[in-house]
Amino acid sequence: MADDKKLTTRAADFSAWYNETVLKAELADYSPVRGCMVIRPNGYGIWERMQRALDDKFKATGHQNAYFPLFIPESFLQKEAEHVEGFAPETAVVTHGGGKKLEEPLIVRPTSETIIYHMFAKWTQSYRDLPILMNQWANVVRWEMRTRLFLRTTEFLWQEGHTAHVTHDEAEEETRRMLGVYRDFMEGWMAMPVITGQKTNAERFAGALRTYSCEAMMQDNKALQAGTSHNLGQNFSKAFDLKFQAEHGGTEFAWNTSWGVSTRLVGGLVMTHGDDNGLRTPPLLAPIELVIVPIYRTDEERSVVLEAAHRIQKSLSDWERRDIARIRVHVDARDGMKPGAKYYEWELRGIPLRLEIGPRDLLKNEAVLVRRDTRAKTPVSLDTLGEEVAEMLSRVQREMLEAARERLDASTVRERISYDQFRQLMEGPGGFVYAGWCEGAECEAQIKEETKATIRVLPDEEFRSADAPATCLKCGKPATAEAVWAKAY
RNA sequence: CGGGGCGUAGCGUAGCCCGGUAGCGCGCCUGCUUCGGGAGCAGGAGGUCGCUGGUUCAAAUCCAGUCGCCCCGACCA
C-alpha cells in the first residue's frame with residue numbers, strides 16, 4: 001500500500017520516474033488523442049509563470065506580441081527548399097473544410113516562418129520599416145513518431161520570435177541577444193544551468209544560416225536542447241520577397257531571425273530538479289511558493305490554528321519583495337487529511353516551502369519552515385516570518401542553481417579521452433564531453449551512428465576549454481573546433 | 001515503421017496455462033474515533049473484463065481479426 005504511493009526511483013528507471021512524476025504531480029495527463037497531452041493546472045501554472053517572465057524579457061528587449069494563423073497554405077512551405085525538406089514529413093494537413101475539399105490544402109503550422117515572412121513582406125517598403133521585432137505565443141503541431149509528456153508531443157505550446165533587419169550584423173546581434181535572454185531565463189528563473197553555442201550544419205534549423213542553442217543537462221546526464229535562436233540570413237526574405245528600399249538607394253532583402261522555447265521547458269525543469277519524492281520547483285516559477293499546513297486535534301485548536309494560518313497568509317501575501325511580486329501562499333485547510341499526508345502531497349508537487357503550524361508553535365509564537373529542496377526544517381518566529389520566508393525563497397532559488405551547476409560540472413568531461421573511452425562513457429554514465437573536431441560531417445555522422453551521441457554545440461568562448469583540443473575525437477586529424485558531445489532527448 | 005509489453009471499477013492489479021456466479025489493494029461516499037511525516041474501525045457505491053466475430057450448454061479465460069496505449073530504436077523543440 002505504501003509502495004503504491006512511492007515513485008519509481010530515478011536510479012531504478014529514470015524514464016519511469018519522469019513519467020510518474022509528471023502524472024502524479026498532476027502536471028499533465030495523457031489525452032484521448034495519440035501523442036497529445038492535457039496540461040493540468042499544476043503544470044500550466046508553471047508554464048504561465050515561464051510565459052510571464054519570458055514575455056517581460058521580450059518586451060524589455062523591444063519586441064511586441066502578435067498573432068498569426070494556425071493554418072498555412074501548403075504552397076508556402078514549399079518556397080524555402082531546406083525548410084520544406086525539414087518540416088514537410090511531420091506536418092498535419094487539412095484537406096477538407098465545411099464538408100468540401102479545399103482548393104489548396106492547409107498545413108497546421110509546425111512553425112510560422114513562412115506565413116510570418118509573407119506578412120512582413122507586405123508591411124515592409126523602406127529600411128525605415130525595419131527592424132520588425134515580433135513574437136507570438138502559439139501552439140504548433142509536429143507529427144512526431146514517438147512522443148513523451150512535455151518533451152515531445154504532437155501539439156505543443158511555445159513562443160516564436162521573428163524579426164527582420166537591414167543588415168546581417170544586426171540580425172546576428174539579435175540572434176545572439178535572444179540566446180542570451182534564454183540563458184538568463186533558464187539560469188535565473190529555472191535554476192537550470194546551460195551551455196550555449198552554435199549548432200553544426202547537421203543540427204541546424206531547416207532553412208537557417210546559423211542556429212545557436214542552450215543545452216541543459218538532465219539528471220540522467222542526457223542533454224536537452226532547451227531553446228534555440230536562428231540567424232535565418234536572407235533565405236526566407238528571398239523566398240517570400242521580403243525586400244526594402246535601402247537608405248542609399250537600391251532594393252535589398254531583409255535579414256531575419258527566429259527563436260523559440262516551448263513547454264518542453266517544463267519537462268526540463270522536472271528532469272533538472274526532481275528527486276525521488278517528486279518535483280522540486282524553483283521559487284520564481286512556483287505557482288505556490290509556500291504552503292501552510294495547519295496541525296490540530298480538537299475543533300477548538302482547529303479554529304485557532306486556521307485563524308492564525310489565514311492571518312499569516314494575508315501578511316505574507318502583502319509582503320513586499322522583488323518590487324511588485326508578493327509571496328504566493330496557500331493554506332491547506334482540507335479536513336480529514338493528516339498533516340503527514342499533506343506533506344507528501346506538497347512535496348510531490350514541488351512547492352518550495354512549507355510552513356507547519358500547530359498549537360504548540362502558536363504558544364511560542366513560532367512556526368516550522370521546511371524547504372522542499374533539502375527538506376531541512378527551521379523554527380521561525382512569527383514576528384519575522386516575512387523577512388525569513390523572503391530570504392529563504394531567494395536562498396532556495398540560488399542553491400537550486402548551484403546544485404544543478406555542480407551536477408553539470410560533475411558529469412562534464414574536459415580531459416582528452418580516446419574514442420574508445422568516449423564510447424564507453426556514452427554507453428555507461430553519459431555526460432557532456434568536450435572534444436576536438438575536424439569539422440567533417442563524416443566524423444560527426446559516424447560518432448552518432450556508433451554511440452548515439454551528437455554534437456550539442458560548438459561552445460561559445462566562455463565555455464571552451466583553456467587549452468583547445470588538438471585532434472579530432474574520431475579521426476585524429478587536427479581539430480579545427482571544439483565540440484560538446486552528448487546523448488540528447 | 002521495426003522490436004518489446006499491456007488493455008479487467010477512478011488508479012494499480014489477481015484470475016487466463018487448466019472455460020463454470022469477477023476478487024484484492026489504493027482511492028471514493030457515510031458515520032465514529034483520529035490528526036506534530038502517507039490514520040483506524042464499521043458500513044457502502046462503483047464492472048457491457050478494449051472492440052468484433054468464432055468455438056462451446058457455458059468465454060475475462062480458447063481461436064481469429066481489429067483498435068488503442070506504454071516502453072526501446074530510427075525522426076525531432
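Every chain is numbered from 1, with letters handed out A, B, ... down the list of sequences.
- A gap of 28 Å separates the C1' atoms of U21(B) and C6(B), to the nearest Å.
- Ring pair Phe87(A)/Phe205(A): centre-to-centre distance below 6.0 Å.
- Atoms CG (Leu7(A)) and P (C11(B)) sit 18 Å apart, rounded to a whole Å.
- With respect to the salt-bridge test (charged N to carboxylate O, under 4.0 angstrom), the residues Glu160(A) and Arg109(A) do not qualify.
- Between Asn19(A) and C70(B) there is no side-chain polar atom (N or O) within less than 4.0 angstrom of OP1 or OP2.
- Side chain to side chain, Arg148(A) and Ser15(A) meet the donor-acceptor criterion of an N or O pair below 3.5 Å.
- In this structure, the CZ atom of Arg297(A) is 20 Å from the P atom of C32(B), given to the nearest Å.
- With hydrogens and angles left out, the side chain of Glu347(A) and the base of G37(B) share a donor-acceptor pair within 3.5 Å.
- Contact annotation for Thr228(A): no contact, since no heavy-atom pair falls under 4.0 Å across all strands.
- As rounded to whole Å, 9 Å separates atom C1' of G12(B) from atom NZ of Lys24(A).
- The phosphate of G37(B) (OP1 or OP2) has no side-chain N or O of Lys338(A) nearer than 4.0 angstrom.
- Between the base of G37(B) and the side chain of Lys377(A) there is a donor-acceptor pair shorter than 3.5 Å.
- The separation of C51(B) from A22(B), taken at their P atoms, amounts to 16 Å, rounded to a whole angstrom.
- Comparing Arg354(A) and Leu149(A) against RNA chain B, the residue whose closest nucleotide sits nearer the 5' end is Arg354(A).
- A side-chain N or O of Gln219(A) and one of Arg10(A) form a donor-acceptor pair less than 3.5 Å apart.
- As judged by a 4.0 angstrom heavy-atom cut-off over every strand, Pro359(A) is placed among the base-contacting residues.
- Among Glu444(A), Glu450(A), Glu442(A), the one residue that satisfies the salt bridge (Lys or Arg N to Asp or Glu O under 4.0 Å) test with Lys474(A) is Glu450(A).
- Separating the C1' atom of U8(B) from that of G68(B) is a span of 16 Å, rounded to the nearest Å.
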Fill in the dot-bracket string of RNA chain B, one character per base: . for unpaired, | for a pair to another strand, ( ) or [ ] for pairs within the strand, taking Watson-Crick or G-U pairs under 3.5 Å. ((((((((.[[[[.)....(..]]]].((((((.....)))))).....[[[[[..)....]]]]])))))))....
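- Among the atoms of the strands shown, base atoms are found under 4.0 Å from some heavy atom of Phe156(A).
- Rounded to whole Å, the separation between the C1' atoms of U55(B) and U61(B) comes to 13 Å.
- Look at Asp56(A) and Arg52(A) and you find no salt bridge, because none of the NZ, NE, NH1 or NH2 atoms lies under 4.0 Å from a carboxylate O.
- Atom C1' of nucleotide C11(B) and atom CZ of Arg40(A) are separated by 12 Å, given to the nearest angstrom.
- Closest contact between the side chain of Arg148(A) and the listed nucleotides C71(B), G38(B), C76(B) involves C71(B).
- In this structure, Gln225(A) reaches the sugar-phosphate backbone alone: every heavy-atom distance under 4.0 Å involves primed, P, OP1 or OP2 atoms, never a base.
- Within the nucleic acid shown, Leu265(A) has no heavy atom closer than 4.0 Å to any nucleic acid atom.
- Heavy atoms of Val140(A) sit nowhere under 4.0 angstrom from any nucleic acid atom.
- In this structure, Tyr344(A) forms an aromatic stack with the base of G38(B), since both conditions hold: centre separation below 5.5 Å and plane angle below 30°.
- Residue contacts for Gly358(A): at a heavy-atom cut-off of 4.0 Å it reaches a base atom on one of the strands shown.
- Pairs engaging residues 334-352 of chain A under the side-chain hydrogen bond (donor to acceptor under 3.5 Å, both in side chains) rule: Asn42(A)-Arg349(A), Tyr296(A)-Asp335(A), Arg302(A)-Asp335(A), Asp332(A)-Arg334(A), Asp332(A)-Trp346(A), Arg334(A)-Glu345(A), Tyr343(A)-Glu356(A), Glu347(A)-Arg354(A), Glu347(A)-Arg375(A) [sequence neighbours left out].
- Relative to the ring axis of Trp158(A), Arg142(A) places its NZ or CZ within 45° and under 6.0 Å from the centre.
- Rounding to whole angstrom units, CH2 of residue Trp158(A) and P of C76(B) are separated by 15 Å.
- Among the heavy atoms of the strands, none lies under 4.0 Å from Arg302(A).
- Across G2(B) and A39(B), the matching P atoms stand 48 Å from one another, rounded to whole Å.
- Atom CD in Glu215(A) sits about 14 Å away from atom P in C76(B), given to the nearest Å.
- Separating the OH atom of Tyr489(A) from the P atom of A74(B) is a distance of 14 Å, rounded to the nearest angstrom.
- Comparing C75(B), C35(B), G37(B) against the side chain of Met145(A) picks out C75(B) as the nearest.
- Looking at which nucleotide of RNA chain B each of Ile357(A) and Lys452(A) is closest to, the 5′-most match is held by Ile357(A).
- Contact annotation for Ser15(A): backbone-only contact, meaning every heavy-atom pair under 4.0 Å involves sugar-phosphate atoms and none involves a base.
- For Arg176(A) and Tyr212(A), the positive end sits near the middle of the six-membered ring, less than 6.0 Å away and at most 45° from its axis.
- On the P atoms, A60(B) is 30 Å away from G43(B), given to the nearest whole Å.
- Among the heavy atoms of the strands, none lies under 4.0 Å from Arg334(A).
- Put simply, NZ on Lys448(A) is 12 Å from C1' on G73(B), counting in whole angstrom units.
- Distance check on atom C1': G10(B) versus G47(B) gives 12 Å, rounded to whole Å.
- Residue-level contact check: Thr211(A) touches neither bases nor backbone, having no heavy atom under 4.0 Å from any strand.
- Taking the P atoms as reference points, C70(B) lies 38 Å from A58(B), given to the whole Å.
- Phe240(A) pairs in a side-chain contact (heavy atoms from CB on, under 4.5 Å) with only one of the listed residues (Met119(A), Lys79(A), Glu113(A)), which is Lys79(A).
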